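When reading the values below, keep in mind they use all heavy atoms of this one structure, side chains included, and skip hydrogens, waters and symmetry mates. All values reported here derive from a predicted model rather than from experimental measurement. Just so we're on the same page: letters track the sequence lines, and every chain starts at 1.
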Amino acid sequence: MTSQDCDKKLFLLDAYALIFRAYYAFIKNPRINSQGINTSAIFGFTNTLFDLIKKENPSHLAVVFDVGETFRHREYKEYKANRQETPEAIRIAVPYIHQILEALKIPCMSKEGYEADDVIGTLAKKAEREGYTTYMMTSDKDYAQLVSENIFVFKPASRGNDIEIWDIEAVKDKFQVETPSQVIDLLGMMGDNVDNIPGIPGVGEKTAKQFIKEYGSIENLFAHSSELKGKMREKVEANKELGLLSKKLATIETNVPIEFNYESLTVDKPNVDQVIKIFEDLEFRNMIVNFKKTYPNIFESENGPEKDLSNSVSVTGQRSLFDTLDQDIEMKESSNWKTIENTDHLYQLTETPMAVKLLVEKLSKQNIVCFDTETTSTDSMIAELVGISFSYEKAKGYYVPFNTKDKEKTQELIEILRPFFENENIAKVGQNLKYDYKVLRRYQVEVKGILFDTMIAHYLINPDARHNMDILAETELNYKPISIESLIGKKGKNQKLFSSVPLDEQKEYAVEDSDITLQLKNKLDPQLAKDNLKKLFTEIEMPLMKVLVDMEWCGINLDIHALQDMSKELVEDLSRLEKEIYSLAGEVFNINSPKQLGDIIFDKLKLGNKPKKTKTGQYATGEEVLLKLAHTHKIIDLLLEYRQLQKLKSTYVDALPDEVNPITKRVHTTFAQTVAATGRLASNNPNLQNIPIRTPRGQEIRKAFISKDHNHKIISADYSQIELRIIAAMSKDSAMINSFNNGEDFHKATASKVFHIPMDQVTKEQRSHAKTINFGIIYGVSAFGLSEQTGLSRSESKNLIDAYYAAYPELKKYISEQIETARKNGFVETLLGRRRYLPDIHSKNNVVRSHAERNAVNAPIQGTAADVIKIAMIKIHELLHEKNYQTKLLLQVHDELVFDAPDEEIKEVSALIKNTMENSVRMEVPLIVDVGVGTNWLEAH
DNA sequence: CAGGCCCCCC
DNA sequence: TTTAGAGGGGGCCTGA
């Protein structure tokens with residue numbers, strides 16, 4: 001489409017529809033900039049706008065905002081008192097978006113008392129009459145009203161880059177209706193799927209669609225409702241008013257008293273400087289690039305006439321139409337980062353042995369010193385030291401560089417530093433100390449003394465946040481440190497080694513890190529105390545860090561040959577499956593591509609009557625979806641098997657041998673102590689917390705984790721149902737506690753209670769259902785979720801949940817108390833006071849709030865379980881060391897500990913482990929630990 | 001190269 | 001078309 005073709009086109013955008021859409025697209029992972037602003041909505045909105053401009057280059061366009069209280073808002077409020085209110089992030093976003101639009105010279109409109117949809121509808125009709133083609137972006141539920149000859153509808157992309165333009169035929173096809181008015185009726189009937197519209201309670205969407213098709217319109221349906229039968233008739237008749245109101249609320253006003261003036265909706269050339277300034281303030285760095293791509297003409301000649309553009313006088317005049325919204329909302333003050341040049345600091349280079357000796361002397365007079373190692377790699381098992389920085393006073397510090405090529409000299413300097421690191425009386429501060437600890441250990445230096453890791457401190461203070469030093473410096477100290485990327489480049493294969501950076505820059509960067517970290521410590525330490533997190537920090541997390549170091553350091557033995565054999569088998573099986581799949585599909589395609597796979601299953605083979613789609617518009621092809629289709633075509637089983645084998649091969653069988661350390665010949669995972677918001681650990685590179693166990697083929701993989709040699713065995717000790725026991729103890733539910741104290745099969749006991757039958761008559765199926773609810777309770781069940789899981793109907797599931805709460809009344813009370821606590825305090829706590837903040841608990845958005853409410857229940861349980869096992873780990877580590885056992889703790893998998901033990905220790909150590917784990921925390925419910933021994937992990941489990 | 005999708009674990 | 005619908009994680013692969 002060329003720009004000439006655009007002459008008579010008008011684009012109309014519903015601002016809030018776009019903003020909300022963008023906001024929700026990022027709801028699970030919102031974009032928060034360093035000023036703490038949730039920029040999801042602004043970002044998404046701007047992105048979509050740019051997409052539109054890139055694709056259509058519109059000459060005439062208006063972004064339409066809702067203003068004031070409109071008819072529909074009022075009506076709806078009466079129907080439902082707790083109307084959704086605007087999320088905070090959107091309130092913040094709106095003024096920014098206005099600024100952006102103003103800088104882009106894109107006209108805005110609004111009309112007091114009418115919704116954007118009404119304004120758009122009216123303008124569209126008027127434009128249509130004057131022969132213009134109109135493209136509308138409105139909230140989807142409303143557009144159908146406006147479908148007519150010259151009006152098109154376009155849909156924003158939710159995250160990707162594609163805007164779809166639907167023509168009338170396509171829209172009709174999607175709705176499977178003939179006339180626009182039918183579409184409106186249909187939409188009015190969509191009931192609780194459309195959160196603004198009540199619909200006809202009790203009449204399902206499909207049924208409603210059917211009725212309307214039969215009767216032609218909703219009014220007609222009500223007029224002839226006596227023809228309906230039974231329950232349906234009752235429901236339809238009982239809800240006549242609501243049904244009509246639904247339609248009224250869904251109807252768009254197309255007679256808004258507003259002038260239509262095509263010329264006034266002209267898009268001007270943007271004020272480049274102004275746009276860039278806003279993006280910079282918001283930290284939208286990529287958006288600036290996007291901006292330049294979106295307006296290629298303006299940026300073609302960088303030195304060209306674009307300077308004049310900013311002075312261009314042609315103002316669209318549309319701002320006057322927009323009158324009320326942004327006046328009372330002030331822009332958040334943009335903070336001024338101090339730059340390093342402005343900061344007075346004294347960072348000294350300490351190169352020679354003599355100078356380092358003097359430094360160590362100074363350091364030994366200190367009580368607290370912050371240090372940070374600079375290395376050649378982020379992998380502590382291979383990283384080589386490039387330098388170490390030290391700081392014990394604000395704005396002061398030292399940097400000891402090493403010559404990576406001269407090992408002897410490096411070791412010489414390290415020997416001089418050793419007394420400092422091994423001095424028990426000097427507390428050491430650092431960011432992510434586990435890393436430095438491990439690096440130094442490879443140089444035979446053992447860090448001693450009290451440790452303070454700022455990353456862990458911040459994790460305890462706000463577990464949901466990110467804990468990078470850069471971010472901490474910005475949020476806690478309002479200071480922007482030198483970025484590592486500015487020294488060694490963006491990560492990737494072209495990234496330089498830190499050792500290649502000029503010494504002076506190394507020094508500035510490295511010492512700044514120590515300097516800042518020390519300041520962070522001073523800031524975070526009192527916060528820990530204030531939030532009663534000191535104990536958790538000093539008695540659990542910091543000691544645990546050392547335990548983790550030993551675990552990672554030790555690594556685990558892997559039977560590479562077994563895996564290699566398995567890989568060969570898998571290759572054969574996969575290629576056999578591949579051939580069969582291709583022949584069944586009738587063509588060759590990439591089975592690993594969900595996109596291509598979806599097209600084959602749903603478009604070509606036409607399996608399943610209403611395929612689900614993912615956010616991006618592809619067909620969903622997840623395991624559950626495929627399982628439901630299993631009976632329809634042979635190909636499905638093959639695909640499922642293919643997927644399973646492919647996963648095992650790529651993630652485990654082929655990947656694990658690559659992770660074997662060439663020197664130790666063992667696999668060294670890394671435990672992340674600060675990523676899981678609940679307090680759990682996470683494992684990566686490789687992840688040894690998700691080694692298969694369910695399927696026979698998966699078990700073969702677990703079998704490849706073997707003991708050190710034939711004089712050693714693997715010991716696996718796992719807590720039995722720890723989370724259920726914890727929820728029993730924390731809720732103090734007497735029925736639950738009794739059940740555990742009596743050593744009953746808890747799931748069976750639950751089944752007996754909810755189905756009201758004696759224990760010995762519980763069937764397997766009933767026990768399994770009970771088990772599902774038991775876990776559901778931990779995660780926060782809904783009847784919907786339970787019915788999906790169990791295959792029971794939704795009402796059966798609901799009854800089951802009710803019966804469950806009746807059986808465990810105190811548990812029910814506990815759940816509501818947790819939610820109440822979260823509302824009142826803003827956070828919930830584990831047994832040991834580990835916090836999780838849940839600001840969304842106050843959200844007016846159902847989805848968001850419910851999520852927070854489930855977290856209010858789940859976080860303390862999952863977190864307490866994490867606390868318990870962490871204590872056990874520390875104690876066991878201590879005891880093993882004390883009694884000089886050679887048994888090593890290797891892995892932690894949330895409720896399981898895995899050890900490598902010499903044969904002669906197994907008996908004693910097994911007892912020690914069991915005993916320590918079971919008694920690490922005293923509760924009203926016994927903690928039970930099962931211990932297993934074997935030559936490999938599978939056998940031990 | 002990042003994010004979507006999927007699947008592995010507790 | 002329009003979601004999501006039980007918590008917490010990590011990793012592979014495609015597609016731009």
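Put simply, CZ on Arg836(A) is 8 Å from C1' on dG7(C), counting in whole angstrom units. As a whole-Å value, the separation of Ile722(A) CD1 from dG8(C) C1' is 15 Å. Nucleotide dC13(C) holds its P atom 10 Å from the CG atom of Asn590(A), rounded to whole Å. We find that CZ of Phe589(A) is positioned 15 Å from C1' of dC13(C), with the value rounded to whole Å. In this structure, CG of Asn592(A) is placed 6 Å from P of dC13(C), rounded to the nearest angstrom. Distance CG (Asn290(A)) to C1' (dA2(B)): 16 Å, rounded to an integer number of Å. Here the P atom of nucleotide dC7(B) and the CD1 atom of Ile701(A) are 15 Å apart, to the nearest Å. Rounded to whole Å, the distance from CH2 on Trp937(A) to C1' on dC8(B) is 12 Å.
When the C1' atom is used for both dG8(C) and dA2(B), the distance is 23 Å, rounded to whole Å. For dG9(C) and dC5(B), the C1' atoms lie 16 Å apart once the distance is rounded to whole Å. Rounded to whole Å, the separation between the P atoms of dG5(C) and dC1(B) comes to 32 Å. dA6(C) and dG3(B) have their P atoms separated by 27 Å, given to the nearest Å. As rounded to the nearest Å, dC6(B) and dT2(C) have C1' atoms that lie 23 Å from one another.
With pairs defined as Watson-Crick or G-U wobble and both atom distances under 3.5 Å, the stems of at least three pairs that touch DNA chain B come out as B:1-6 with C:10-15, B:8-10 with C:7-9.
For the contact set between residues 674-682 of chain A and DNA chain C, defined by any heavy atom under 4.0 Å, the members are Val675(A), Ala676(A), Ala677(A), Thr678(A), Arg680(A), Ala682(A). Applying a 4.0 Å cut-off to non-hydrogen atoms, the residues of residues 646-660 of chain A that approach DNA chain B are Lys647(A), Tyr652(A), listed by residue number.
Contact annotation for Glu623(A): backbone-only contact, meaning every heavy-atom pair under 4.0 Å involves sugar-phosphate atoms and none involves a base. Nucleic acid contact for Asn286(A): none, since no nucleic acid atom lies under 4.0 Å from a heavy atom of the residue. Residue contacts shown for Ile691(A) are limited to sugar-phosphate atoms, with no base heavy atom under 4.0 Å away. Here Gly622(A) lies in heavy-atom contact (under 4.0 Å) with sugar-phosphate atoms only. Residue-level contact check: Gln644(A) touches the backbone only, with heavy atoms under 4.0 Å from sugar-phosphate atoms and none from bases. Nucleic acid contact class of Asn855(A) (heavy atoms, under 4.0 Å, all strands): sugar-phosphate only.
The CD1 atom of Ile591(A) sits 9.0 Å away from atom CG of Leu638(A), with the distance rounded to the nearest 0.5 Å.
Applying the side-chain hydrogen bond (donor to acceptor under 3.5 Å, both in side chains) test to residues at least two apart or on different chains, the pairs with a partner in residues 768-780 of chain A are His747(A)-Asn774(A), Thr750(A)-Asn774(A), Asn774(A)-Tyr804(A).
By the side chain to side chain contact (heavy atoms under 4.5 Å, CB included) test, Val675(A) pairs with Ala672(A), Ala682(A), sequence neighbours left out. Taking Asp802(A) as the reference, Lys798(A) meet the salt bridge (charged side-chain N to carboxylate O under 4.0 Å, His left out) condition, with sequence neighbours excluded. Every residue two or more places apart in sequence or in another chain that forms a salt bridge (charged side-chain N to carboxylate O under 4.0 Å, His left out) with Asp464(A) is listed here: Arg836(A). With sequence neighbours excluded, the residues forming a salt bridge (charged side-chain N to carboxylate O under 4.0 Å, His left out) with Glu829(A) are Arg835(A), listed by chain and number. By the salt bridge (charged side-chain N to carboxylate O under 4.0 Å, His left out) test, Lys293(A) is found to be paired with no residue, residues two or more places apart in sequence or in another chain being considered. Listed by chain and residue number, Thr864(A), Val921(A), Met923(A) satisfy the side chain to side chain contact (heavy atoms under 4.5 Å, CB included) test with Leu831(A) (two or more places apart in sequence, or in another chain). Shown here are the side chain to side chain contact (heavy atoms under 4.5 Å, CB included) partners of Leu832(A), two or more places apart in sequence or in another chain: Leu536(A), Ile540(A), Thr830(A), Asp867(A), Ile871(A). With sequence neighbours excluded, the residues satisfying side chain to side chain contact (heavy atoms under 4.5 Å, CB included) with Arg702(A) are Ile691(A), Ile693(A), Glu896(A), Trp937(A), Leu938(A), His941(A).
Close to dA6(C), at under 4.0 Å from its OP1 or OP2, lies no side-chain N or O of His851(A). Taking side-chain N and O atoms only, Arg702(A) has no distance below 4.0 Å to OP1 or OP2 of dC9(B).
You'll find that the side chain of Pro692(A) is closest to dC8(B), out of dC8(B), dG8(C), dC7(B). Nearest to the side-chain atoms of Asn858(A) among the listed nucleotides dC8(B), dG7(C), dA6(C) stands dG7(C). With dG10(C), dG5(C), dC9(B) as the choices, the nucleotide that has an atom nearest any side-chain atom of Arg854(A) turns out to be dG5(C). Listed nucleotides: dA6(C), dG10(C), dC8(B). Nearest to the side chain of Asn684(A): dG10(C).
If you check distances only, the side chain of Gln689(A) never reaches the base of dG9(C) with a donor-acceptor pair under 3.5 Å.
Ion pair Glu283(A)/Arg31(A) not flagged as a salt bridge, since none of the NZ, NE, NH1 or NH2 atoms sits closer than 4.0 Å to an Asp/Glu carboxylate oxygen. Salt-bridge annotation for Arg697(A) and Asp573(A): present, with a side-chain N of the basic residue lying under 4.0 Å from a carboxylate O of the acidic one.
Inspection of the Gln818(A) and Glu853(A) side chains reveals no N or O donor paired with an N or O acceptor under 3.5 Å.
Contact of the Val868(A) side chain with the Tyr719(A) side chain is registered, since non-hydrogen atoms from C-beta on lie closer than 4.5 Å.
DNA chain C is contacted by both Ser593(A) and Asp464(A); Asp464(A) maps to the nucleotide lying nearer its 5′ end (nearest heavy atom per residue).
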